[in-house]
Amino acid sequence: MPAKKQFWLMKSEPDAYSIDDLERDGSEPWDGIRNYQARNNMRAMNVGDLVLFYHSNAKPPGVVGVAKVCKTAYPDHTAWDPKSKYYDPKSPEDAPRWEMVDVEFVEKTPTMVSLEDLKAEAALEDMVVTQRSRLSVQPVSKEHFKHVLAMAGAKTKVR
DNA sequence: GCCAACGTTGGC
DNA sequence: GCCAACGTTGGC
């Protein structure tokens, strides 16, 4: 019995890692998340879950593509590397505090859906991204997800 | 570059 | 356990 499909939104600064980088690489470990709520959301992910790829700190910020989870949560080893900017001495190897998932490229959408567009959409007024702007990994309802896909002209379809 | 929002830390 | 101080995120 496959797990029920869930939907998410994940943010990345395009200067750090953009949708074009993901397209080039195919898939990517989503390391460096150091927020408990975001981590808990990643722990809840299943392989095949779809993700809206959001560019934060961009001009303008917004949804630029679709990705999907290809590996469920496992320890984020960058927390153990003193040379990493994500190093966290409070996350020992025998009790990892931080985890990551791998995501794979699905598509870059024909139309970018900016945060302004999302906020202007009445059907999306209670979407997390328009309310809790600082949460970098957040759940998206199926209805909201479909709505954003339609706005973006995405090839990806959700039934 | 500014600053509001908000999550985390640490003193008490 | 409270809360002030501090650091970070991210829109503008």
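Proteins get letters first, then strands, A, B, ... in listed order; numbering begins at 1 in each.
- Side-chain N or O atoms of A/Asp76 include one that pairs as donor or acceptor with a backbone N or O of A/Thr78 at under 3.5 Å.
- Each end of the helix from B/dG1-C/dC12 to B/dC12-C/dG1 gets its own axis from five base pairs, and the two axes differ in direction by 10°, given to 10 degrees.
- Side-chain N/O atoms of A/His144 and A/Asp126 include a donor and acceptor closer than 3.5 Å.
- Note: the hydrophobic cluster containing A/Val158 also contains A/Val148 (ILVMFWY, side chain heavy atoms under 4.5 Å, direct or indirect links).
- The only member of A/Trp8, A/Phe53, A/Trp98 that meets ring pair (Phe, Tyr, Trp, His ring centres under 6.0 Å) when paired with A/Trp30 is A/Phe53.
- For the residue pair A/Glu13/A/Ser56, the side-chain donor-acceptor check at 3.5 Å is not satisfied.
- Within 4.0 Å of A/Arg34, counting heavy atoms only, lies no atom of the nucleic acid at all.
- Using a 4.0 Å heavy-atom criterion, one finds that A/Lys59 contacts no nucleic acid atom at all.
- Remark: the A/Asp102 side chain and the A/Tyr74 side chain contain an N/O donor-acceptor pair separated by less than 3.5 Å.
- A donor-acceptor contact shorter than 3.5 Å links the side chain of A/Ser12 to the backbone of A/Tyr17.
- With the nearest nucleotide of DNA chain B identified for both A/Gln131 and A/Arg97, A/Gln131 has the one nearer the 5' end.
- Side chains of A/Ser114 and A/Asp117: a donor-acceptor N/O pair is present below 3.5 angstrom, by distance only.
- First and last contacting nucleotides of DNA chain B toward chain A (any atom under 4.0 angstrom from a heavy atom, 5' to 3' order): B/dA5 to B/dG10.
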